[in-house]
Amino acid sequence: MKTKNGGKLYIYILTLAFIAGFIFLLITDMNNKKLEENGVHTQATVVQITSVTSRKGVQSKQGIAEYHDEQGYVHRYEGFVGNNEADIGTKIEIIYSKDDPDVVIKDNPFLYIAVIVSGILAGLSLLGSLLITFGAKDRLSVSCMQQSVSEEELERIVREYLPQTKSKYLSKRAANRSVDKLGEDAVLDQQIRGGDPIGDIYKTGQKELNDCRELYLCAVIRPTDQNIYSDRTTLSDDPRQAASARSTVPAFVVYGTDGYFENHPSELKTTASRLAGEVWGGQFAQEDMQLIDFLRDPSSRPFNLNYCGELSMGRRVFITTVILEKNQLCNKKLSNKLLYIIADPSMTKFAKILPAWYYSMWELSAF
């Protein structure tokens, strides 16, 4: 993410430069207009050409011109004297101050245009700075307070609110495509550069999921980095500092597509705990223990791994890897065991967590 953070710094510096330039040109233009209204208009004679610059066949000349004030004293103007036609002896129009004849300007019709252009650039760069600082994801970020509910109440919440949440997602997903897009961090970026299959979610997965209309309840088995439970963030370019305050973390989740867990969400949480190896005293088959060990390895990358066995209590489930992005989670950290997942195993092996701004507060609080 060094490039991204460097880009942010560049935008901030550019914004300050554009704003400073706009203020300078605006003040100059205001002072010039005041001098035009109250000053003395007269002609000055070019006595020296000091420099000439050419662009697209047009010469721009800088020089020195002399003029007389109302008392007949000679004064000098230094600056732009004209284009190709300007030469020694050429008369130019200047304006000087009645109070101080040495304060002089030459009418410059392009100054007003420069003020407008610099104002537009300053405004656009300021808008860009605001967007990267308080971006759309930050504006859509959601805070919530977790509370324990009974199994019956959890079932009611999913049954009642999932259709509304799905409808909200389907109606707004096109407009929100840019803010629903997954981000990265320094650690994840390094992993992807090293060939981590998680990069396929960014390369093809997000595009394939754009047309997916299915939402399912999923449960988090485990994240690959415990930092996802912290809401800390950093803009540091140092990968070591970025690693201590990550913004995106892969995680293993489990879900079903037959609708059973939407009616029995507590069983899905139990399934996730069993897959995480958090159930003691049970006698599991060797294949199940190998699966638990596989999911304990942060480098594992299951994508819609089909499973039906004792760990899922005989239910057919899919185990997959998703990206958890703090900006898209309630409280900007992993606060929920249950989440909604955008997935369609018949269409793509990838899946994506539904961002928090689509959920009802009942779901966010109870999950």
Side-chain angles (χ1 to χ4, degrees), residues 1-136 178 235-237:
M1 289 296 103
K2 185 171 183 177
T3 301
K4 287 188 176 181
N5 289 326
K8 287 183 179 180
L9 180 61
Y10 175 77
I11 291 176
Y12 292 146
I13 293 175
L14 197 64
T15 298
L16 292 175
F18 279 139
I19 291 175
F22 169 68
I23 292 174
F24 172 77
L25 290 173
L26 181 62
I27 292 175
T28 301
D29 185 59
M30 292 173 63
N31 289 336
N32 285 2
K33 281 183 167 56
K34 184 177 180 181
L35 189 57
E36 289 174 7
E37 294 175 0
N38 304 313
V40 177
H41 295 246
T42 188
Q43 287 190 329
T45 302
V46 177
V47 297
Q48 184 179 347
I49 301 296
T50 57
S51 66
V52 178
T53 57
S54 297
R55 186 175 181 181
K56 294 182 180 180
V58 178
Q59 292 183 332
S60 177
K61 299 182 180 181
Q62 302 285 318
I64 300 173
E66 293 183 345
Y67 61 95
H68 294 80
D69 63 19
E70 294 176 323
Q71 282 71 44
Y73 294 103
V74 177
H75 301 271
R76 283 193 161 195
Y77 159 82
E78 294 187 28
F80 174 71
V81 295
N83 294 319
N84 299 49
E85 71 285 351
D87 206 343
I88 294 176
T90 301
K91 301 290 185 179
I92 61 173
E93 295 290 331
I94 57 97
I95 308 167
Y96 68 83
S97 171
K98 293 180 180 179
D99 299 326
D100 185 356
D102 287 321
V103 176
V104 58
I105 62 169
K106 183 182 185 300
D107 183 33
N108 185 0
F110 297 105
L111 180 60
Y112 180 68
I113 297 175
V115 171
I116 295 176
V117 172
S118 65
I120 293 173
L121 292 174
L124 291 175
S125 59
L126 180 60
L127 178 61
S129 296
L130 292 174
L131 286 176
I132 65 173
T133 305
F134 308 103
S178 61
L235 291 177
S236 173
D237 286 339

Novice: Do His75 and Tyr96 pass the side-chain contact (heavy atoms from CB on, under 4.5 Å) test, and can you show the C-alpha distance, the side-chain angles, and the key distance before you say yes or no?
Specialist: CA-CA 10 Å; His75 301 271; Tyr96 68 83; over 6 Å; no
Novice: Please list all pairs meeting salt bridge (Lys or Arg N to Asp or Glu O under 4.0 Å) that have one or both residues in residues 13-26, counting only residues at least two apart or in different chains.
Specialist: none
Novice: Show me, pair by pair, the donor-acceptor contacts under 3.5 angstrom made by side chains of residues 18-29, not counting sequence neighbours?
Specialist:
unit_1	atom_1	unit_2	atom_2	d
Thr28	OG1	Phe24	O	2.8
Asp29	OD1	Lys33	NZ	3.1
Asp29	OD2	Lys33	NZ	2.9

Novice: Search all heavy atoms of Phe80 against all heavy atoms of Gln62 and return the closest pair with its distance.
Specialist: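 Distance-wise, the nearest heavy atoms are N-OE1, 3.2 Å.
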Novice: Name all residues meeting the side chain to side chain donor-acceptor pair (under 3.5 Å) criterion together with Asn32; count only those two or more places apart in sequence or in a different chain, and write none if there are none.
Specialist: none
Novice: Identify, with sequence neighbours excluded, every residue that meets side chain to side chain contact (heavy atoms under 4.5 Å, CB included) alongside Ile88.
Specialist: Ile49
Novice: Which side-chain N or O atoms in residues 35-42 pair as donor and acceptor under 3.5 Å with protein atoms at least two apart or in another chain?
Specialist:
unit_1	atom_1	unit_2	atom_2	d
Asn38	ND2	Lys34	O	3.2
His41	NE2	Glu36	O	3.1

Novice: Partners of Ile120 by side chain to side chain contact (heavy atoms under 4.5 Å, CB included), sequence neighbours excluded?
Specialist: Ile116, Leu124
Novice: Return the OH to CD1 distance between Tyr77 and Ile94, rounded to the nearest 0.5 Å.
Specialist: 9.0 Å
Novice: Let me confirm one number: the CG-OH distance from Asp102 to Tyr73, rounded to the nearest 0.5 Å.
Specialist: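 One gets 12.5 Å once the value is rounded to the nearest 0.5 Å.
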Novice: Suppose we screen for salt bridge (charged side-chain N to carboxylate O under 4.0 Å, His left out). Which residues come up paired with Glu78, at least two apart in sequence or across chains?
Specialist: none
Novice: With distance as the sole test, does Ser60 use its side chain to make a donor-acceptor pair with the main-chain N or O of Thr53 at under 3.5 Å?
Specialist: no
Novice: Please identify each residue that fulfils side chain to side chain donor-acceptor pair (under 3.5 Å) with Ser118, with sequence neighbours left out.
Specialist: none
Novice: Sequence neighbours excluded, which residues qualify as side chain to side chain contact (heavy atoms under 4.5 Å, CB included) partners of Ala86?
Specialist: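 Side chain to side chain contact (heavy atoms under 4.5 Å, CB included) check on Ala86 returns Lys61, Val81.
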Novice: Give every residue pair that meets the side chain to side chain donor-acceptor pair (under 3.5 Å) criterion with at least one member in residues 80-94, sequence neighbours excluded.
Specialist: Gln43-Glu93, Thr45-Lys91
